[in-house]
Amino acid sequence: MSASAPNGSSDVSGSGRRVSFPRSVRLLRHADFERVYKQGRRHFAAHMTVFYLARAEGEGLRVGFTVGRVLGGAVQRNRMKRRLREAVRLRRPAESAAVDVVINPKKSLLTADFADVEREVSRAFEVIQKSVEKR
RNA sequence: CAGCCGGACCGGACGGUCGCUCGCCUCGUCUUCGGAUGAGGUGGGAGGAAAGUCCGAACUCCGCAGAGCAGUGUGCCGGAUAACGUCCGGGAGGGUGGGUUCAAAGCCACUCGACGGAAAGUGCCACAGAAAACAUACCGCCCCGCAAGGGGUAAGGGUGAAAAGGUGCGGUAAGAGCGCACCGCCGCCGCAGCAAUGCGGCGGGCAGGGCAAACCCCACACGGAGCAAGACCAAAUAGGGAGGGACCCGGGUUCGCCUGGGACACGUGCCGACUCGGCGCGUCACCACCUCCGGGUAGGUCGCUUGAGCCCCGCAGCAAUGCGUGGCCUAGAGGAAUGACCGUCCUGCCGGGAGACCGGCAGACAGAAUUCGGCUUACAGGUCCGGCUGCCAU
RNA sequence: GUCCCCGUCGUCUAGCCCGGCCUAGGACAUCGCCCUUUCACGGCGGUAACACGGGUUCAAAUCCCGUCGGGGACG
């Protein structure tokens with residue numbers, strides 16, 4: 001437990017690394033989403049489903065979110081996206097293979113503990129790294 | 001002080017760490033000089049409904065001589081407004097309560113409301129009832145008659161949502177606006193009012209059902225689509241057009257080409273043969289290739305936030321609202337930013353405690369997407385103003 | 001974001017335009033009885049709906065307005 005992180009729930013500043021999540025590592029284009037959905041593999045978790053696909057060119061991890069209308073009103077959907085984005089920001093690996101990832105949340109994400117969400121995202125990234133390196 | 005009603009307003013507060021997005025400043029890198037990108041600093045970053053998309057506009061494109069038809073909408077009067085189905089004021093009307101009265105209406109208070117036309121026409125009015133819009137007479141009542149029946153009547157009964165005005169007195173064989181009084185209705189006149197309409201007078205015994213949120217008639221308004229509008233830049237792939245490739249000369253031409261000769265190139269046959277030369281034959285102008293042009297998808301840029309704008313004060317107006325002085329700049333994303341975690345405090349509930357207090361939980365409805373004016377719907381809690389009622393004190 | 005359409009038994013539907021005969025009809029499903037040794041088939045009977053709230057009308061599933069829910073089109 002670092003002295004600069006008195007809350008202790010997430011040692012953000014304990015690692016010493018500034019964690020950010022700029023737009024350049026987001027998945028933003030419709031065509032990218034379609035490709036991941038059609039050709040990608042899936043990883044299931046309690047509060048979300050993660051689609052991922054290795055990219056041929058470029059480097060690093062890119063992440064996008066899909067939150068459909070069935071998951072609730074605009075307030076609920078925005079909350080899911082914001083919590084997911086925050087979790088990805090905190091748990092995003094510094095170095096990674098070239099992979100595109102799409103996360104589909106489930107309704108339970110709205111009420112889940114944020115620590116659980118962080119843990120799930122972190123675990124999903126580990127699984128994806130192993131799966132991609134095996135090829 | 002409490003409760004109810006109406007109106008206006010707020011929509012947890014402060015701080016820390018990390019992040020997202022937009023603007024500005026400084027410094028780098030790349031550059032096709034348009035810009036792209038990175039770091040640091042600094043400032044801004046959801047709502048009263050942002051919602052539903054129910055009306056009205058601005059704006060953009062398309063269409064258009066003018067008018068009409070069709071269609072849609074609105075519908076008492078006056079005003080406000082850029083406009084409206086909105087808002088303000090007023091007027092008829094309905095409902096509830098009070099009071100007068102034998103009873104009711106007229107009267108008073110509160111409240112509601114899509115409120116033009118039913119003597120332009122068409123249609124419908126189930127069941128019940130004699131009769132449902134042409135008027136009629138079931139039980140009755142009265143008169144004549146021994147009776148059968150005939151005549152008068154519409155007060156009473158009955159049916160119905162609705163049955164040729166209501167109440168009272170007179171009148172009559174019984175009755176009836178048959179006569180009278182009051183109220184209602186129709187017409188005319190006068191006065192008040194911009195008008196809707198109201199008030200008064202005179203005349204008429206009374207013409208006539210309801211439904212137009214049924215078709216419809218009248219008056220008024222409206223061209224259609226919508227920022228995914230629209231404008232600009234524009235990859236890959238496919239496809240369109242023009243030119244080159246396809247040289248020179250002569251002739252013809254419908255200007256697309258056709259024809260004769262020659263040169264070059266390519267392919268091929270034969271002959272000679274040293275890399276080559278000579279002769280003959282063929283070469284469809286399709287495809288492919290190159291250059292340019294136009295449409296246009298992905299993608300990008302603009303539209304994109306200074307506007308019928310907000311705040312304070314004053315003036316005009318009963319008000320909606322308008323005018324004037326001064327001040328302010330207040331989100332602009334685009335698979336879509338406005339968040340995550342924590343601390344202190346505030347409000348409410350629960351538990352513990354004699355109490356100060358301690359612990360836990362909760363803090364609504366809900367998220368900008370071109371922009372405004374309205375309407376409707378959802379909403380914890382709180383503040384202010386006005387009115388009414390109750391209680392306490394003076 | 002913009003623009004449209006639709007809500008009737010558990011399911012699919014008729015009735016709505018032009019209001020009353022609607023106590024809302026039919027089919028499948030379901031329940032009970034009969035038939036049969038039993039099941040099936042068949043017959044008889046029952047349960048069961050106008051999305052919600054206002055308004056117009058004597059009277060509303062139907063006409064008008066507003067909510068709520070569902071579905072679709074447009075790059």
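Computed over heavy atoms, backbone and side chain alike; hydrogens, waters and symmetry mates excluded. None of the values given here were measured: they were computed from a predicted structure. The sequence lines fix the lettering, A, B, ..., with proteins before strands; numbering per chain opens at 1.
- Rounded to an integer number of Å, the gap from CZ of A/F114 to C1' of B/C341 is 8 Å.
- Comparing the same atom, C1', in B/U306 and in B/G327 gives a spacing of 16 Å after rounding to whole Å.
- Glycosidic conformation of B/G359: anti, with the torsion beyond 90° of 0.
- The CZ-P distance, from A/R92 to B/C18, rounds to 17 Å in whole Å.
- On the P atoms, B/U371 is 14 Å away from B/G52, given to the nearest whole Å.
- Applying the 90° cutoff around 0 to the glycosidic angle, C/U47 is assigned anti.
- Atoms CZ (A/R26) and P (B/A333) sit 15 Å apart, rounded to a whole Å.
- Rounded to whole Å, atom C1' of B/U297 lies 13 Å from atom CZ of A/R29.
- Ring-to-base geometry places A/F33 in a stacked arrangement with B/G335 (centre distance under 5.5 Å, plane angle under 30°).
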What donor-acceptor contacts under 3.5 angstrom involve side-chain atoms of residues 108-116 of chain A, with partners at least two apart or in another chain?
unit_1	atom_1	unit_2	atom_2	d
A/S108	OG	A/H47	ND1	2.8
A/T111	OG1	A/S108	O	3.4
A/D116	OD1	A/R119	NH1	2.9
A/D116	OD1	A/R119	NH2	3.4

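- Nucleotides of RNA chain B nearest to A/F21 and A/A74 differ in position, and the one nearer the 5' end is that of A/F21.
- The P atoms of B/U72 and B/G79 are separated by 31 Å, rounded to the nearest whole Å.
- Heavy atoms of other residues, nucleotides or ligands lying less than 6.0 angstrom from CZ of A/R35 number more than 12.
- Out of B/A46, B/G299, B/C20, the shortest distance to the side chain of A/N78 is found at B/A46.
- Between A/R82 and B/U338 there is a side-chain N or O to OP1 or OP2 distance below 4.0 Å.
- Toward the 5' end of RNA chain B, the nearer of the two residues A/H30 and A/E86, judged by each one's closest nucleotide, is A/H30.
- Across the C1' atoms, C/U23 and C/U37 are found 43 Å apart, a figure rounded to whole Å.
- Rounded to whole angstrom, the span from the CG atom of A/L28 across to the C1' atom of B/G299 amounts to 13 Å.
- The existence of a salt bridge linking A/K130 and A/E126 is excluded, since no basic side-chain nitrogen approaches an acidic carboxylate oxygen closer than 4.0 Å.
- Look at CE on A/M80: it is 15 Å from P on B/A366, rounded to the nearest Å.
- B/G309 and B/U377 are spaced 27 Å apart, taking the C1' atom of each and rounding to whole Å.
- Checking A/V101, A/D100, A/I103, A/V102 one by one against A/F51, the side chain to side chain contact (heavy atoms under 4.5 Å, CB included) holds for a single residue, A/V102.
- Between the side chain of A/R89 and the base of B/C18 there is at least one donor-acceptor pair of N/O atoms closer than 3.5 Å.
- Under a 4.0 Å N-O distance rule, the pair A/E120/A/R123 does not qualify as a salt bridge.
- Side-chain nitrogen and oxygen atoms of A/R23 include at least one within less than 4.0 Å of the OP1 or OP2 phosphate oxygen of B/G334.
- Distance from the side chain of A/R85 is smallest to B/U338 among B/U338, B/C20, B/G367.
- Interface remark: the A/S20 side chain does not form any donor-acceptor pair with the B/G19 base, using a distance-only criterion of under 3.5 Å.
- Atom CG of A/L71 sits about 8.0 Å away from atom CZ of A/R77, to the nearest 0.5 Å.
- When the P atom is compared between B/G19 and B/C14, the two are found 23 Å apart, to the nearest whole Å.
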